[in-house]
Colleague: 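First the structure, then my questions, so here it is.
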Amino acid sequence: MRYIEFGQRGTKVSEVILGAMRIADKTPEEVATLIETALDSGINAVDTAPIYGPSEGIIGNAFAARPGLRDRVWLQTKLGIRPHPQRKANYFDFSYEHIMESVDNSLRALQTDHVDSLLLHRPDALMEPDEIARAFQELYDAGKVLDFGVSNQNPAMIRRIQRRLPFALAANQVQISAAFTPMFDAFFNANMQNDAGIMRDGGILEYADEHDMAIQAWSVLQHGYFGGVFLGNPDYAELNEALERIAADHDSTPTAVAINWVLRYPTKMQAIVGTTRPERVRMSAAACDWVMSREEWYEVYLAAGNQLP
Ligand SMILES: NC(=O)c1ccc[n+]([C@@H]2O[C@H](COP(=O)([O-])OP(=O)(O)OC[C@H]3O[C@@H](n4cnc5c(N)ncnc54)[C@H](OP(=O)(O)O)[C@@H]3O)[C@@H](O)[C@H]2O)c1
């Protein structure tokens, strides 16, 4: 496993993070085993959110079932996505009141006195950065949150919040996979007249690198917006062939190669894996066993159906 230096203290956090969005039907015992498998594989980080149904509560019960487990884990949660009371939809809330209330609810559910990192989950159009800064400062002073970050935000949004804070935002959690590459597409086609050249993210990767911010890639095995897994998917036959060929060359697996591909971008990268199976957690951790060559990285990009200028 490889580790990055995360946040204000340079905490050693694994490049592969265990994501807990899909554990709703798992028991606390099963989740404790999943987390212990991750730890045994060198993955020391767990990501959750209140919007992931019972996820935080199950993790909290897993910690309660295995004394000492919480202290071995770097724990991150998020906030700001709320079910709308009148509509069958979510809305976003970064108000001071919601931030404070959500963190207290998360700590209660997770059965812990602090989280190591807290992310603003999806941008709230009505956010008032001064309120966010006040809430973050109070949470930090109370020892409830050690580091703060954002998710799904572009540099302009991040700058608005960052300039009010006395400490650096540590992470931006965004969607990246071999089959979801708008950031790379815009990069390769900069200043061209084709649609691929349209930069929709405002330079998220470049901003992160400039500000020593971790990029946490979510859905690293999925295509589209929650479109499903591309591994073994006949719609991605050429991509799967490339992943299998590279895996065979390194005595690895397509899963590890796909994650290795995401981590290969040369900045502070992390990949959050959402598997609920211990054997796939081990497979995912193996993504860090070797560094992908340029030829391999570009082969995967092209095999996913992309073109280079
Ligand atoms: N910030 C955000 O907006 C945001 C959004 C989405 C997710 N996230 C975070 O990112 C984490 C990961 O997201 P994700 O769950 O979408 O990631 P993922 O790792 O791309 O997908 C995990 C899913 O893929 C399945 N899977 C894995 N390998 C497979 C294979 N070889 N064949 C078939 N199915 C396979 C897993 O099933 P098994 O369980 O059976 O292995 C699981 O259902 C989440 O847990 C959450 O923490 C954040």
Side-chain angles (χ1 to χ4, degrees), residues 16-39 43 45-66 69-70 73-95 97-124 139 144-145 149-153 171 173-175 177 180 216-229 270-278 280-281 284:
V16 179
I17 298 175
L18 179 65
M21 183 179 71
R22 301 180 191 264
I23 61 166
D25 63 349
K26 301 290 163 197
T27 65
E29 273 299 322
E30 287 170 326
V31 169
T33 299
L34 200 65
I35 294 173
E36 281 180 346
T37 305
L39 287 165
I43 299 171
V46 173
D47 177 82
T48 182
I51 198 67
Y52 300 159
S55 173
E56 289 184 324
I58 297 171
I59 294 170
N61 288 334
F63 290 153
R66 306 268 172 102
L69 186 58
R70 162 67 188 99
V73 170
W74 178 91
L75 184 60
Q76 174 172 274
T77 194
K78 319 186 194 74
L79 60 75
I81 303 183
R82 307 186 72 176
H84 195 281
Q86 266 82 44
R87 313 281 309 182
K88 279 202 178 104
N90 292 325
Y91 74 109
F92 310 117
D93 187 348
F94 291 174
S95 64
E97 290 74 18
H98 181 63
I99 293 174
M100 301 307 282
E101 186 189 5
S102 186
V103 169
D104 280 342
N105 290 341
S106 290
L107 295 180
R108 204 172 307 115
L110 290 162
Q111 304 191 36
T112 185
D113 61 354
H114 74 281
V115 288
D116 298 276
S117 171
L118 176 77
L119 307 184
L120 299 171
H121 204 155
R122 269 206 177 269
D124 169 16
L139 291 168
K144 294 179 179 178
V145 179
V150 298
S151 176
N152 306 307
Q153 291 205 16
Q173 192 173 110
V174 291
Q175 186 177 7
S177 79
F180 188 88
Q216 300 181 340
W218 56 265
S219 290
V220 288
L221 302 179
Q222 311 279 321
H223 61 90
Y225 184 67
F226 297 103
V229 180
Q270 294 180 295
I272 318 171
V273 297
T275 185
T276 56
R277 303 187 196 197
R280 285 188 179 149
V281 169
S284 303

Colleague: Quick one: side chains of residues 53-60, donor-acceptor pairs under 3.5 Å with protein atoms, not counting sequence neighbours, listed by atom name and distance.
Modeller:
unit_1: S55; atom_1: OG; unit_2: A20; atom_2: O; d: 2.7
unit_1: S55; atom_1: OG; unit_2: T48; atom_2: OG1; d: 2.7
unit_1: E56; atom_1: OE1; unit_2: S106; atom_2: OG; d: 3.1
unit_1: E56; atom_1: OE2; unit_2: T77; atom_2: OG1; d: 2.6
unit_1: E56; atom_1: OE2; unit_2: S106; atom_2: OG; d: 2.8

Colleague: Run the side chain to side chain contact (heavy atoms under 4.5 Å, CB included) test on M21 and D47 for me, step by step, so that the C-alpha distance in whole Å, both residues' side-chain angles and the decisive distance to 0.1 Å come before the verdict.
Modeller: CA-CA 8 Å; M21 183 179 71; D47 177 82; over 6 Å; no
Colleague: With side chain to side chain contact (heavy atoms under 4.5 Å, CB included) as the criterion, how do K26 and L34 come out once you've worked through the C-alpha distance, each side chain's angles and the decisive distance to 0.1 Å?
Modeller: CA-CA 10 Å; K26 301 290 163 197; L34 200 65; over 6 Å; no
Colleague: If you apply the rule side chain to side chain contact (heavy atoms under 4.5 Å, CB included), what do you find for V273 with V220, and how did you get there?
Modeller: CA-CA 7 Å; V273 297; V220 288; 4.1 Å; yes
Colleague: Which heavy atom in D93 sits nearest to a heavy atom in H98, and how many Å separate them?
Modeller: O-CD2, 3.1 Å
Colleague: For the atom pair CD1 (I99) and CG (D104), what is the distance rounded to the nearest 0.5 Å?
Modeller: 12.5 Å
Colleague: Taking only residues at least two apart or on different chains, which pairs with a member in residues 110-124 satisfy salt bridge (Lys or Arg N to Asp or Glu O under 4.0 Å)?
Modeller: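 Checked against salt bridge (Lys or Arg N to Asp or Glu O under 4.0 Å) - neighbours excluded - the pairs reaching residues 110-124 are R70-D116.
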Colleague: Quick one: pull up OG1 in T37 and CZ in R277 and give me the separation to the nearest 0.5 Å.
Modeller: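 With rounding to 0.5 Å, OG1 (T37) is 13.5 Å from CZ (R277).
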Colleague: Checking side chain to side chain contact (heavy atoms under 4.5 Å, CB included) between Q76 and each of V46, V145, L119, which is the one that passes?
Modeller: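 Only one of V46, V145, L119 forms a side chain to side chain contact (heavy atoms under 4.5 Å, CB included) with Q76, namely L119.
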Colleague: Taking only residues two or more places apart in sequence or in another chain, which ones pass side-chain contact (heavy atoms from CB on, under 4.5 Å) with A38?
Modeller: L18, I43, V281
Colleague: Show the nearest heavy-atom pair for residues L110 and F63, with the distance to one decimal.
Modeller: O-CD1, 3.4 Å
Colleague: Does any non-hydrogen side-chain atom of P123 lie less than 4.5 Å from one of F92?
Modeller: no
Colleague: Just how far is it from atom OG of S102 to atom CG of L139, taken to the nearest 0.5 Å?
Modeller: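 It comes to 10.0 Å.
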Colleague: Rounded to the nearest 0.5 Å, what's the gap from CD on Q216 to CD1 on I272? Could you check?
Modeller: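 Rounded to the nearest 0.5 Å, the CD-CD1 separation comes out at 5.0 Å.
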Colleague: Please find the pair of heavy atoms, one from L69 and one from A62, that lie closest to each other, and give the distance.
Modeller: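 Scanning both residues completely, I find the closest heavy atoms to be CD2-O, 4.1 Å.
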Colleague: Can you list the steps and then say if Y52 with I23 is a side chain to side chain contact (heavy atoms under 4.5 Å, CB included)?
Modeller: CA-CA 9 Å; Y52 300 159; I23 61 166; over 6 Å; no
Colleague: Minimum heavy-atom separation for A65 to E29, with atom names?
Modeller: CB-OE2, 3.7 Å
Colleague: Is there a side-chain contact between R66 and T33, using heavy atoms and a 4.5 Å cut-off?
Modeller: yes
Colleague: Which pair of non-hydrogen atoms, one from F180 and one from Q222, has the smallest distance, and what is that distance?
Modeller: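 That would be CB-O, 4.4 Å.
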Colleague: Of all the heavy-atom pairs spanning P85 and Y91, show the shortest one and how long it is.
Modeller: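 For P85 and Y91, the tightest heavy-atom pair comes out as CD-CE2, 4.2 Å.
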Colleague: Do the side chain of S151 and the main chain of Q173 share a donor and acceptor less than 3.5 angstrom apart?
Modeller: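 Checking the backbone N and O of Q173 against the side chain of S151, a donor-acceptor pair under 3.5 Å is found.
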Colleague: Below 30° counts as parallel, above 60° as perpendicular, anything between as tilted: where do the rings of F226 and W218 land?
Modeller: parallel
